[in-house]
Structure formats: structure tokens, C-alpha cells
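Okay, structure first, notes after.
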Amino acid sequence: MLLCLCFLMYCWVLADPVCGYFLKNCTIRGNLSDPSNMKVLCYNRNLEVIPIAIPRKVSNLDLAMNKVSKIEKLDFKGLSNLKILNMPRTQISQVENGALGYLEALQVLGLAHNRLTTLSDYLFQGLANLSLLHLDNNLIATISSSSFQTLSSLKTVNLTKNNLYNMKEVQPIVQLPHLQELYIGSNRFTSFQSQEISNTSIELRLLDLSRNPLGVFRITADVLPYLEVLDIAYCGQLGRMEWDVLNRSFLSNVNRLNLSGIEMSFKRMGMVLQTVNSSLVHLRMQDLLNGSRLKAVQISPILQDSHNSFFSTIKSPTCVFQDLKELWILKLGSNKILTLNDAFMNGLHKLETLNLAGNKLSSIRKGEFKSLTSLKTLLLYDNQIAKILCSRDFHFLRTLDISCNYITYVNDGKLDPPPFSHLTSLENLRIFSQRHKGLSHLPINFLEGLKSLLSFQAGSLNIKDLHRNTFIHTPRLWFLDISKNEFTALTPKLFRPIPRLNSLYLSKARIQSLDFLIAANLSRVTFLQVSKNDITVVNETVLQSLPALTYLDMQDNPFTCGCSDAWFVQWMESDNQTQVVGAGEFTCNYPADLKDTKLLDVELQFCTVDLGLYCYISTTCLVLLTLVASFAYHFLKWHVIFGYYLFLAFLYDTKQRNKLTPHGCQYDAFISYNAHDKPWVLRELLPELEGKQVWKLCLHHRDFQPGKRIIDNIMDGIYGSRKTICVISHRYLESDFWLFDEQKDVLILVFLEEIPTHQLSP
Ligand SMILES: *[C@@H]1O[C@H](CO)[C@@H](O)[C@H](O)[C@H]1NC(C)=O
Ligand SMILES: *[C@@H]1O[C@H](CO)[C@@H](O)[C@H](O)[C@H]1NC(C)=O
Ligand SMILES: *[C@@H]1O[C@H](CO)[C@@H](O)[C@H](O)[C@H]1NC(C)=O
Ligand SMILES: *[C@@H]1O[C@H](CO)[C@@H](O)[C@H](O)[C@H]1NC(C)=O
Ligand SMILES: *[C@@H]1O[C@H](CO)[C@@H](O)[C@H](O)[C@H]1NC(C)=O
Ligand SMILES: *[C@@H]1O[C@H](CO)[C@@H](O)[C@H](O)[C@H]1NC(C)=O
Ligand SMILES: *[C@@H]1O[C@H](CO)[C@@H](O)[C@H](O)[C@H]1NC(C)=O
Ligand SMILES: *[C@@H]1O[C@H](CO)[C@@H](O)[C@H](O)[C@H]1NC(C)=O
Ligand SMILES: *[C@@H]1O[C@H](CO)[C@@H](O)[C@H](O)[C@H]1NC(C)=O
Ligand SMILES: *[C@@H]1O[C@H](CO)[C@@H](O)[C@H](O)[C@H]1NC(C)=O
Ligand SMILES: *[C@@H]1O[C@H](CO)[C@@H](O)[C@H](O)[C@H]1NC(C)=O
Ligand SMILES: *[C@@H]1O[C@H](CO)[C@@H](O)[C@H](O)[C@H]1NC(C)=O
């Protein structure tokens with residue numbers, strides 16, 4: 001029995017409470033009952049081979065950042081459900097023929113940042129559903145003519161940053177029937193000539209040729225009839241590029257053109273623009289023109305997206321924009337603009353996006369943006385603005401970025417007036433800081449008036465505290481980033497006014513405990529980032545108070561790795577709703593002997609098993625006891641009862657002896673006998689006991705008091721005697737007699753004749 005118990009306990013301790021949801025070196029995420037969602041994450045694990053036993057149902061496999069130099073033929077066997085395979089930065093230089101052929105459902109293949117040099121004939125065989133292929137940042141110089149043959153669904157290919165030098169290599173790609181976007185920037189092409197390519201996909205919409213040393217761009221045939229986006233920025237050889245588009249209609253559909261960084265005479269540039277000007281909506285010409293050449297272009301009606309560096313030299317740009325009545329995006333970033341000089345007092349009524357980032361503006365004055373009545377996005381980051389005072393100009397403003405400016409506050413007292421009180425439509429406010437010292441304090445009513453605010457990014461502000469009323473004006477807040485501050489603790493009340501909060505970024509904020517989340521009622525938070533803090537333990541209640549959580553980032557915290565973390569570890573391994581990023585890398589800080597051990601490698605099972613084990617053992621004991629008891633009862637019933645009475649009598653006797661109070665007995669013994677045995681009693685027993693032993697006996701025929709009820713007489717006789725002597729004969733047994741359950745060892749049985757045991761009642 002004991003052996004059996006031991007065995008059961010052994011089995012219990014061995015049994016792993018987590019079953020099947022854990023793959024060595026990888027994390028499995030997603031919904032097990034819904035394979036279309038299942039992800040296996042093996043990124044950044046120093047793997048040298050593809051892990052074996054990847055679940056076959058997986059639809060998304062991430063092997064980024066490892067050291068798998070070679071993909072072997074059978075590595076992906078059976079993964080016929082896989083839709084996304086992500087393997088960038090994995091040092092791959094070789095893929096065995098047919099190794100990818102098992103992935104018949106694959107749609108996205110990421111092989112960027114590897115060491116591939118050649119795309120061979122059989123490399124992509126079988127990938128009929130592949131639509132997106134990342135091959136950027138490899139060493140590819142040659143593409144075999146039939147390597148892309150079976151990729152009939154391919155839509156986008158990224159071959160940026162490779163060693164391609166001959167446009168003919170690209171021919172197998174451009175002729176794919178559904179190709180839409182081809183990125184071949186930053187290679188070594190020296191010319192782009194239409195005679196080098198033919199049978200181009202009629203769906204080709206985007207061609208990125210930027211940063212190639214193109215000396216020639218020549219189109220003599222209609223090979224890009226449907227091209228809409230052409231990027232040839234920073235092309236040109238030694239500052240020169242020959243542009244030869246024979247017929248204007250060849251590029252007649254191009255509506256976005258990037259000509260940044262190309263040195264060309266102004267006359268030639270005019271010709272280039274003429275070949276595309278009928279359809280163009282976006283033109284980017286950064287780093288292109290300077291000083292005297294620009295005036296002709298800026299008033300051109302085609303100029304809709306301008307990002308130039310010349311404005312700092314213009315003394316009064318008032319007239320610059322007033323004719324651009326249709327302009328809706330204006331980018332004036334990274335210039336040296338000191339003041340706006342009333343540039344936006346007139347015109348630009350349709351402007352929706354204004355980028356003034358990276359200038360030297362020191363203030364925004366009242367009414368300065370008066371004419372921008374449609375403005376939705378205003379980017380002012382990286383200027384020198386010290387004071388915000390937003391006037392009534394911005395009725396429609398949705399996004400405002402004033403990060404990295406010179407705004408600071410000496411305390412968190414109320415501002416009068418509040419800085420954003422008129423921005424009732426503002427949805428996104430960014431005010432994080434990087435280079436400068438930050439706000440230091442966030443005034444209580446800083447956000448007053450922002451009743452539509454959805455997203456507030458306020459990292460690195462060098463603030464230590466947030467008043468609990470900070471967010472009472474922004475009930476719709478959905479996204480909050482207050483990372484990289486020095487809070488150490490936050491009050492739960494801070495979050496009460498923003499029950500819709502979905503994403504909370506709180507990394508690097510010196511937070512020591514997440515307990516403030518318990519009372520914060522963040523029932524809709526799905527994303528929580530608290531990496532790089534000082535959190536040592538995660539309380540079960542905290543995670544229970546975040547029922548919607550699907551993403552948790554707790555990397556780089558100093559975990560204690562004691563039993564207080566056992567629950568957390570078990571939760572990480574068994575929870576199928578929340579992805580815990582980098583869980584395998586969580587490192588212990590205490591106790592000293594576990595320092596730098598991985599949290600998941602610490603043996604904590606004994607902590608969590610405790611309760612279950614105790615329950616188990618006590619249940620087992622109970623069952624065994626019941627078993628033993630019923631066996632005993634069945635086979636040894638009378639012995640047990642007898643033993644029981646004997647035991648009680650023993651106890652009673654001991655007690656009586658301890659009391660040392662004699663009962664005051666009238667008689668030494670009460671004699672119980674059958675009337676038929678009376679002669680023997682009188683002749684044999686009486687003379688012996690009363691005569692020789694000088695006992696005082698109680699005999700019913702002699703000592704019972706007349707007139708008293710017989711039963712009372714018997715009770716008195718028994719209670720008045722020290723012992724009861726039963727004279728046993730066959731007759732005596734046949735008659736009714738009392739079993740005296742008087743808890744005394746008072747019964748003396750005298751057998752008058754030989755009586756077989758079976759006739760004796762136990
Ligand atoms: C996820 O976990 C919950 C509770 O632990 C369980 O009820 C549910 O069946 C699990 N789903 C899958 C797909 O394992
Ligand atoms: C898992 O998938 C099943 C079936 O698609 C769905 O009913 C269930 O709600 C999903 N569970 C979670 C946690 O997403
Ligand atoms: C897990 O990764 C280590 C290297 O980090 C490797 O030695 C080990 O073989 C891998 N285990 C499995 C099952 O792939
Ligand atoms: C390939 O895509 C088509 C259309 O989306 C789909 O019907 C087919 O099942 C896919 N093939 C595989 C093997 O998943
Ligand atoms: C293509 O690759 C380049 C270089 O890695 C990258 O910057 C770019 O975003 C990629 N483009 C697409 C559409 O994937
Ligand atoms: C282009 O297509 C034509 C007819 O469809 C074919 O004869 C020719 O060989 C193709 N050219 C290339 C380079 O594939
Ligand atoms: C340009 O091409 C169009 C259509 O392909 C044609 O009608 C026109 O004559 C061509 N113009 C020149 C100058 O070749
Ligand atoms: C060219 O301009 C487009 C936007 O019009 C932009 O997306 C692209 O990155 C630019 N190319 C380079 C090389 O800067
Ligand atoms: C645009 O093209 C038309 C002819 O289609 C021409 O008259 C006009 O001057 C061109 N504009 C520019 C700015 O080159
Ligand atoms: C700007 O103009 C100066 C002289 O006018 C010239 O030397 C310089 O190369 C020009 N820079 C660019 C980018 O065109
Ligand atoms: C917590 O939030 C939910 C909805 O997000 C709300 O129904 C509930 O009343 C709130 N509880 C408290 C205590 O504020
Ligand atoms: C978790 O936090 C709650 C509330 O603060 C507290 O009552 C409980 O004792 C904590 N549990 C642990 C294991 O620290």
C-alpha cells in the first residue's frame with residue numbers, strides 16, 4: 001500500500017503541468033485551436049540549425065537573427081500551412097535545392113540581410129502562392145533565368161542593396177505576370193535602358209532605382225506603360241545622368257517622381273519634368289537645387305511636395321506660397337528657418353500637412369497659421385520653441401508634433417491659459433524629447449481642451465511625477481507613451497479617467513512594482529511595455545487585472561527568481577492569450593547564486609506544485625483510511641467493538657483511579673444468574689465468597705428491597721457493587737440478559753459448564 005502511494009506521488013511530481021505549448025528555443029504564440037493564427041517565434045536565439053519539431057500547423061515562423069548558415073533540404077518538411085517565413089539576419093549563404101518547396105502555402109518570404117550571392121534555378125520552386133519576397137541586403141549578383149518561373153503570384157520583390165549590375169538579371173522578375181513593385185535601389189546598375197528588359201508585367205506600378213550609379217536612363221520603347229511611381233533619387237554618375245525618354249507618353253502614368261540629389265542642368269531638369277508633367281502629383285527634389293535656380297520651379301503648378309533646403313536664404317517668402325492654392329502637402333523640414341515671416345497668412349487654404357521639423361523656429365506667434373484652415377498635421381519637432389501658445393487657427397488639426405524643442409516648466413502648477421485649449425479635434429500629440437532636457441514638470445492642466453485626444457507620446461520628458469488629474473481632460477485616450485521618465489511609482493488614480501486605454505508604454509521609467517495597475521481598472525489594455533525597469537516580482541493580481549492583455553514586454557527587469565515568481569513563470573508558459581516578448585531572456589538578479597541565470601531555466605516547479613501535492617496526499621490518505629476501515633469492519637467487526645469497549649473501560653478506570661474517590665459501594669459484587677443455577681450459587685459460590693473471602697454479595701432473592709420495581713432493584717444492585725459476577729450456563733445464555741455497557745471492567749464471568757465458543761456471543 002505504501003509502495004503504491006509512493007509511486008503515485010512520484011508520478012505526480014514528474015508530470016509536467018504544461019503540455020504541448022512549449023518548444024525548446026522557441027515560443028509558440030496564438031490560438032492553438034485556430035492554426036491560421038499560430039506563430040512560432042525563434043528570433044534571436046543563436047540557433048545554428050532550424051529547430052526540429054516545429055508544429056505543423058504553424059502559419060507564421062520567425063527565425064530572424066540567428067546563425068543558420070545553410071537551409072537543409074528537409075528543414076521545413078511538412079510545414080504546408082506556413083504563410084509567413086521570416087528569416088532576416090540569419091547568416092544564410094546557402095539554400096539546398098527544394099528546401100523551400102514544402103512551403104506550398106507560403107505568401108511572404110523574408111530573407112533580407114543574409115549572405116546569398118546567387119538565386120539558382122530551383123531555389124523558389126513550388127512557391128506558387130508567394131506574393132512578397134524580401135531579398136534586400138544580400139550579396140546577390142546573378143539571378144538564374146528560371147529561378148522566378150514558378151512564382152506566378154509574386155507581387156513585390158525587394159532587392160535593394162545587392163550587387164546586381166546588369167539590368168538583364170532582372171528580366172525574369174519584371175516579366176512575372178502579377179509583379180507590382182520592384183525595388184532594386186542601391187545596387188551597381190550603371191544604366192537603365194529599355195532594350196534590356198521586355199515583356200514587362202502590365203501590373204508593374206512601382207520601380208525604385210534610387211542610389212544606383214546610373215549614367216544613363218534611356219527609354220526608347222513603351223516598356224513601363226503603367227508605371228506610377230519612379231524613384232531615381234541619388235542616381236547619376238559623378239554627378240551626371242543622361243535622361244533620354246524618347247516619347248513623352250512612355251511615362252505618362254507616372255504620378256510620383258523622386259529626383260532628389262541628381263545633378264542636372266536646369267534646362268535638362270525642365271526637359272525631364274516635361275516628360276512626366278501631365279500626370280505628376282508628387283515630386284520630391286531634395287538636395288537638388290540651390291540659390292538662384294529655384295524660383296522658376298517653386299511657382300510651377302506641378303510642385304506639390306517640396307522638400308528643399310533653400311528657404312533659409314529667402315528673406316521674405318510671403319509670396320512663395322500664396323499662389324499654390326491646391327497644395328496639400330508642404331515639407332520644409334531640415335532647413336534653417338528662423339521665423340515664418342507671415343508666410344502662412346495668405347493662400348494654402350487646402351494645405352493639410354505642414355512639415356517644419358528640423359528648423360530653428362523659436363516661437364509660434366498668434367495668428368501665424370491663420371490661412372491654414374484645413375491643416376490636419378503640423379510637424380514642429382526639432383526646433384527651438386520655448387513656449388507653446390496655440391491660437392484658434394487650428395480647428396481641424398489632428399496631429400501635432402512638438403517633440404525636441406526647448407519647452408520646460410518649473411513646477412506642475414496650472415497654466416493660464418492652457419496651451420492646447422483650442423485644439424478640440426487633436427488626436428495625436430507628440431512631445432517627447434531627446435536631446436534637450438525635457439519639460440521637467442507636466443502641468444496639471446497641460447492637456448486641457450484636448451477632448452478628442454487618442455494618442456499622447458511623452459517619453460523622455462525628465463518628469464518624476466504625474467498628477468492624478470493629468471488625464472481628466474482626455475477621456476478617449478487610447479495610446480499612452482510615458483517611457484523614459486523617472487517615476488519610480490505611479491498612482492492608480494492617474495488611469496481612472498482613461499478607461500479606453502489600449503496601449504501603455506512605460507519602459508525605462510524606474511518603476512519598481514506593477515501593483516498600481518491593480519486598482520487602475522485597465523480592462524482594455526492589450527499592449528503593455530514595461531521593459532528596463534526595476535520590477536522584481538510580478539503579482540498574480542496584476543495580470544488578472546489586465547484581462548485583455550495580448551502583448552507584454554518585461555525585458556531587462558531584475559527578477560528575483562524565487563517562489564514569488566513561480567506563478568509568473570507558469571503563467572508565461574501556459575497562457576495562450578498573451579505574448580510575453582523575450583521571455584526566454586528574462587534574467588535573475590537575485591539571489592546571488594542565480595544571478596544572470598535565465599528565469600525560465602530556474603527550477604521553480606516545487607513552489608507551484610505544493611498546494612496540489614498536499615491535496616493529493618491528504619486525499620490519498622483519506623481513501624486508504626476508508627479502505628482499511630471498511631476491511632476491518634467487515635472481517636473483524638466484533639473484535640473491533642470489543643477492543644473499543646475495552647479501551648473505553650481502560651480510560652474510565654484510569655480516570656476513576658486518578659480521582660481517588662471510592663464510590664462508596666454497598667457490595668463487593670452483584671451476582672447475576674439464572675434461577676435454575678440458584679442451588680449452585682447458594683451451595684458453592686456463597687460459602688466460598690462470603691464465608692472464606694468475606695465479600696459482601698448482592699443476591700436478588702436475598703438483598704432486593706421488596707416493593708421496589710425489579711429494574712430499579714437491579715440497577716441499584718449493580719451500581720452499588722464494585723463488580724458484577726455472571727454465572728454462565730446454557731440456561732443463562734438462553735435467557736435475556738443485559739450487556740452492561742457501563743464502561744467499567746466490572747464483569748466477572750463464571751462458567752458453570754463447558755460451553756463451546758460458537759455458542760458465546762462475542
Ligand atoms: C487557452 O487557455 C484557456 C484558459 O487557460 C483555455 O480555456 C482555452 O481552451 C485555451 N485555448 C487554446 C486554443 O488552447
Ligand atoms: C481561438 O480560436 C477560436 C476559433 O477560431 C475562437 O473561438 C476563440 O475565441 C479563439 N480564442 C482566442 C483567445 O483568441
Ligand atoms: C537550442 O539552442 C542551443 C543554442 O543556443 C542549441 O545548442 C540547442 O541544440 C538548441 N535546442 C534545440 C532543441 O534546438
Ligand atoms: C494559394 O492561394 C489560393 C488563392 O488564395 C488558395 O485558394 C490556395 O488554397 C492557396 N494554396 C495553398 C497551398 O494554400
Ligand atoms: C526594401 O529594402 C530596403 C533596404 O532594406 C528597406 O529600407 C525598404 O523599406 C524595403 N522596402 C520594402 C517595400 O520592403
Ligand atoms: C517576350 O514575349 C514574347 C511573346 O510572348 C516571346 O516571344 C519572347 O521570347 C519574350 N521575351 C523574353 C525576353 O522573355
Ligand atoms: C509617342 O507615342 C504615341 C503613342 O504611342 C504616338 O502616338 C506618338 O506619335 C509618339 N510621339 C513621338 C514624337 O514619337
Ligand atoms: C523619394 O521620394 C519618395 C516619396 O515621394 C520617398 O518615399 C522615397 O524614400 C524617396 N527616395 C529616396 C532615395 O530618398
Ligand atoms: C507640362 O507639359 C505641357 C505640355 O503637355 C507644357 O506645355 C508645359 O509647359 C509643361 N509644364 C512644365 C512645368 O514643364
Ligand atoms: C549650388 O550652387 C553652387 C554655386 O552656385 C554650386 O557650386 C553647387 O554645386 C550647387 N549645389 C548643388 C547641390 O546644386
Ligand atoms: C472599469 O472599467 C469598466 C469598463 O472599461 C467599467 O465598466 C467599470 O465600471 C470600471 N470599474 C471601476 C471600478 O471603475
Ligand atoms: C498581490 O497584490 C495584492 C494587492 O496589492 C496583495 O493583496 C497580494 O498579497 C499580493 N500577492 C503577492 C503574492 O504578493
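In each ligand, atom 1 is the first atom listed, and ligand 1 is the first ligand listed.
A donor-acceptor contact shorter than 3.5 Å is absent between the side chain of S374 and the backbone of L351. Panel note: side chain N66, backbone R45; a donor-acceptor pair is recorded below 3.5 Å.
Atoms of ligand 5 found under 4.0 Å from any heavy atom of Y183 (numbered from 1 in listed order, with element): 13 (C). For ligand 5, the atoms sitting less than 4.0 Å from at least one non-hydrogen atom of N158 are 1 (C), 2 (O), 3 (C), 8 (C), 10 (C), 11 (N), 12 (C), 14 (O), numbered in the order shown with element in parentheses. Close approach to H134 involves these atoms of ligand 5, each under 4.0 Å from a residue heavy atom: 14 (O). Applying the 4.0 Å criterion to heavy atoms of S210 picks out, from ligand 8, the atoms 13 (C). Short contacts between ligand 5 and N137, defined as distances under 4.0 Å to a heavy atom of the residue, involve ligand atoms 4 (C), 5 (O).
Shown here are the side chain to side chain contact (heavy atoms under 4.5 Å, CB included) partners of N129, two or more places apart in sequence or in another chain: S153.
In this pair, F479 and Y505 present their aromatic rings tilted. The plane angle is within the 30 to 60° band.
Side-chain contact of T160 with D136: a donor-acceptor pair under 3.5 Å is absent, judged by distance alone.
Considering backbone and side-chain atoms together, D136 places an N or O closer than 3.5 Å to an N or O of ligand 5. Inclusion of Y234 in the set of residues having an N or O under 3.5 Å from an N or O of ligand 8 is not warranted. Considering backbone and side-chain N/O of H113, none are found under 3.5 Å from N/O of ligand 5.
Protein residues with any heavy atom under 4.0 Å from ligand 4: E104, A105, N129.
In this structure, R205 pairs ionically with E181, as a charged nitrogen and a carboxylate oxygen lie closer than 4.0 Å.
The 12-atom threshold is exceeded at CZ of F527, counting heavy atoms of other residues, nucleotides or ligands nearer than 6.0 Å.
Stacking of R211 on the aromatic ring of Y234 is recorded, both the 6.0 Å distance cut-off and the 45° axial limit being met.
Contact annotation: the side chain of V58 never approaches that of N81 to less than 4.5 Å [non-hydrogen atoms, C-beta and beyond].
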